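Only a predicted model underlies this, so the values are computations on that prediction, with no experimental measurement involved. Only heavy atoms go into these numbers, but all of them, side chains included; no hydrogens, no water, no symmetry mates.
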Amino acid sequence: MSLRRALHFVFKVGDRNKTAAFYRDVLGMQVLRHEEFEEGCKATCNGPYDGKWSKTMVGFGPEDNHFVSELTYNYGVGEYQLGNDFLGVTLQSSQAVSNARRLGWPLSEAGRGIYLAKAPGGYSFYLVDEEQPQTDPVQKVSLGVSDLQRSTHYWSVLLGMQILERDAERKSVLLGFGDGQCKLELCDIGGPVDHGTAFGRIAFSCPRTQLPDIEAIMKRDNQTILTPLVSLDTPGKATVEVVILADPDGHEICFVGDEAFRQLSTVDPNGNALLDAAIAADKSDEWFARHNKPKASA
């Protein structure tokens with residue numbers, strides 16, 4: 001399973017302007033690519049919505065060797081309900097801590113040398129106050145689970161992740177596909193997992209030839225397949241194949257063929273400008289404010 005790698009986590013965002021400020025100005029990430037779509041994704045990348053939406057990839061470096069965030073914006077939806085499924089992203093960057101203080105972005109202590117910053121929408125980011133490494137600063141994504149033993153079996157035995165650490169006191173397990181990659185932390189929350197409407201999706205890549213095998217393993221074990229093996233077209237770019245799964249607690253998992261994804265995910269030097277242009281062209285916030293109406297809440 002060493003050929004598999006962690007790619008990104010998908011966040012639904014209701015305010016692109018504030019969200020862009022958080023990722024760019026506070027965390028210090030860069031826009032890697034930005035795309036606009038007129039209709040919903042057939043693999044529900046933007047959630048259960050059929051209308052116009054956008055996707056913005058942001059990170060500390062290229063997707064070939066960095067774990068990044070995929071920000072999906074559904075036009076007309078200004079707010080999503082958080083659940084207890086997503087517990088946070090941990091990254092190492094004293095510069096991000098300094099940026100937050102300089103910009104007046106709220107920080108709260110979350111441990112020795114660790115600060116909690118909330119992205120717009122309420123998503124938690126834990127900032128380790130140490131010098132940003134030359135490699136990927138993103139250390140782990142933490143998800144809540146209702147049965148740690150069951151979830152550990154799913155992710156390690158069925159999906160092939162290596163168990164790196166077990167913490168009995170915190171009731172957590174740390175897993176990964178490789179030493180230099182972002183890790184996945186599963187934390188037992190002692191009850192049912194609620195995904196709200198803000199639920200995200202974690203994505204991994206694997207050699208294209210492994211996709212049918214992943215699908216077959218899930219079928220054989222009577223696990224949930226949200227989207228059977230399908231091709232996704234992006235005009236002017238590579239066509240990728242994906243399988244979308246759900247773990248025992250309903251966390252969405254995307255596996256994509258690595259070869260085509262590396263072509264699709266090439267950094268676009270115009271990404272930053274494209275995002276800014278899209279934000280400027282979207283007058284919905286002004287319209288709702290002028291008419292004293294709230295944007296729709298999902």
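Once rounded to the nearest 0.5 Å, the distance linking NE2 of H153 with CG of L159 reads 10.5 Å. Here the NE2 atom belonging to H251 is positioned 5.0 Å from the NE2 atom belonging to H195, to the nearest 0.5 angstrom. For the atom pair CE of M29 and CZ of F22, the computed distance is 8.0 Å after rounding to the nearest 0.5 Å. Summarising the geometry, atom CD belonging to E259 is positioned 8.5 Å from atom CZ belonging to R208; distances are rounded to the nearest 0.5 Å. Atom CE of residue M218 and atom CG of residue D247 lie 9.5 Å apart, to the nearest 0.5 angstrom. Note that the CG atom of L148 and the CZ atom of R170 stand 11.0 Å from one another [nearest 0.5 Å].
Contact check for D249 versus S151: side-chain heavy atoms found under the 4.5 Å cut-off. At least one side-chain heavy atom of Q92 sits less than 4.5 Å from a side-chain heavy atom of P133. Y23 is not listed as a side-chain neighbour of T56, based on a closest heavy-atom distance of 4.5 Å or more. Between S124 and L87, the closest side-chain pair of non-hydrogen atoms is not below 4.5 Å. For the pair L91/F60, a side-chain contact is recorded, criterion being any heavy-atom separation below 4.5 Å from C-beta on. A 4.5 Å side-chain heavy-atom check between S231 and E241 finds at least one atom pair inside the cut-off. Q210 has its side chain out of reach of D258: every pair of non-hydrogen atoms, C-beta onward, lies at least 4.5 Å apart. By the 4.5 Å heavy-atom criterion applied to side chains, L103 and D25 are counted as neighbours.
Nearest heavy-atom pair across L7 and F204 is CD1-C, 3.6 Å. Between T239 and A260, the shortest heavy-atom distance links the atoms O-CB, 3.3 Å. When all heavy atoms of A117 and L107 are compared, the closest pair comes out as CB-CD2, 3.8 Å. Nearest approach of Q132 to S93, heavy atoms of both residues: OE1-OG, 3.0 Å. Residues V26 and A100 come closest through the heavy atom pair CG1-CB, 3.9 Å. Closest heavy-atom contact between C45 and V10: O-CG1, 3.8 Å.
Atom CZ of R102 sits in a crowded spot, with more than 12 heavy atoms from other residues, nucleotides or ligands closer than 6.0 Å.
Counting only distance, with no hydrogens or angles, the side chain of Q181 and the backbone of R4 share a donor-acceptor pair below 3.5 Å. Looking only at distances, no side-chain donor or acceptor of N272 sits under 3.5 Å from a matching main-chain atom of Q30. A donor-acceptor pair under 3.5 Å is formed between the side chain of N84 and the backbone N or O of P192. With hydrogens and angles disregarded, no donor-acceptor distance shorter than 3.5 Å links the side chain of D221 to the backbone of Q223. No side-chain donor-acceptor contact under 3.5 Å links K12 to the backbone of G200. Put simply, the side chain of N74 never gets that close to the backbone of V77: no donor and acceptor are under 3.5 Å apart. Judged purely by atom type and a 3.5 angstrom limit, D282 has no side-chain atom pairing as donor or acceptor with the backbone of A278. Checked by atom type and distance alone, the side chain of D136 pairs as donor or acceptor with a backbone atom of F67 at under 3.5 Å. Judged by distance alone, with hydrogens and angles left aside, the side-chain atoms of W105 form a donor-acceptor pair with the main-chain N or O of K118 at under 3.5 Å. Side-chain atoms of S98 never come within 3.5 Å of backbone atoms of S94 as a donor-acceptor pair (strictly under, hydrogens ignored).
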- Task: Output, in order, the C-alpha distance, side-chain angles, deciding distance and verdict of side-chain hydrogen bond (donor to acceptor under 3.5 Å, both in side chains) for R262 and S205.
- Result: CA-CA 9 Å; R262 286 184 185 272; S205 72; 5.8 Å; no

- Message: As a quick check of understanding, evaluate side-chain contact (heavy atoms from CB on, under 4.5 Å) for L264 and R33, giving each step before the final call.
- Response: CA-CA 10 Å; L264 174 70; R33 51 194 174 98; 4.3 Å; yes

- Task: Test side-chain contact (heavy atoms from CB on, under 4.5 Å) on T152 and R166 and set out the steps.
- Result: CA-CA 10 Å; T152 301; R166 294 181 186 268; 4.2 Å; yes

- Evaluate side-chain contact (heavy atoms from CB on, under 4.5 Å) for D64 paired with R5, printing each intermediate quantity in order. CA-CA 9 Å; D64 277 356; R5 62 189 178 100; 4.2 Å; yes

- Query: After noting the C-alpha distance and the side-chain angles of L275 and V58, does the key distance pass the side-chain contact (heavy atoms from CB on, under 4.5 Å) rule?
  - Reply: CA-CA 11 Å; L275 172 60; V58 294; 5.7 Å; no

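One finds no salt bridge joining E165 and K140 here, because no Lys/Arg side-chain nitrogen approaches an Asp/Glu carboxylate oxygen to under 4.0 Å. Using a 4.0 Å cut-off between charged nitrogen and carboxylate oxygen, D276 and R24 count as a salt-bridge pair. Looking at E185 and K183, no side-chain N of the basic residue comes within less than 4.0 Å of a carboxylate O on the acidic one, giving no salt bridge. Using a 4.0 Å cut-off between charged side-chain N and carboxylate O, R16 and E36 make a salt bridge.
Using the six-membered ring where Trp is involved, F177 and F255 have ring planes that are perpendicular, over 60° apart on the 30 and 60° scheme.
Y123 has its ring centre no less than 6.0 Å from the ring centre of Y80. In this structure, F11 has its ring center closer than 6.0 angstrom to the ring center of F9.
Under a hydrophobic clustering in which Ile, Leu, Val, Met, Phe, Trp and Tyr are joined whenever their side-chain heavy atoms come within less than 4.5 Å, directly or via other members, L164 and L184 fall into different clusters. At a threshold of 4.5 Å between side-chain heavy atoms, the hydrophobic network of Ile, Leu, Val, Met, Phe, Trp and Tyr places I253 and L175 in one connected group. By the rule that hydrophobic residues join a cluster once side-chain heavy atoms approach within less than 4.5 Å of another member, L82 and L143 end up as members of one cluster. Under a hydrophobic-cluster definition in which Ile, Leu, Val, Met, Phe, Trp and Tyr are linked whenever side-chain heavy atoms come within less than 4.5 Å, directly or via other members, F86 and V68 are assigned to different clusters. At a threshold of 4.5 Å between side-chain heavy atoms, the hydrophobic network of Ile, Leu, Val, Met, Phe, Trp and Tyr places L226 and V242 in one connected group.
Under a cutoff of 6.0 Å and an axis angle of 45°, R101 and Y115 form a cation-pi pair.
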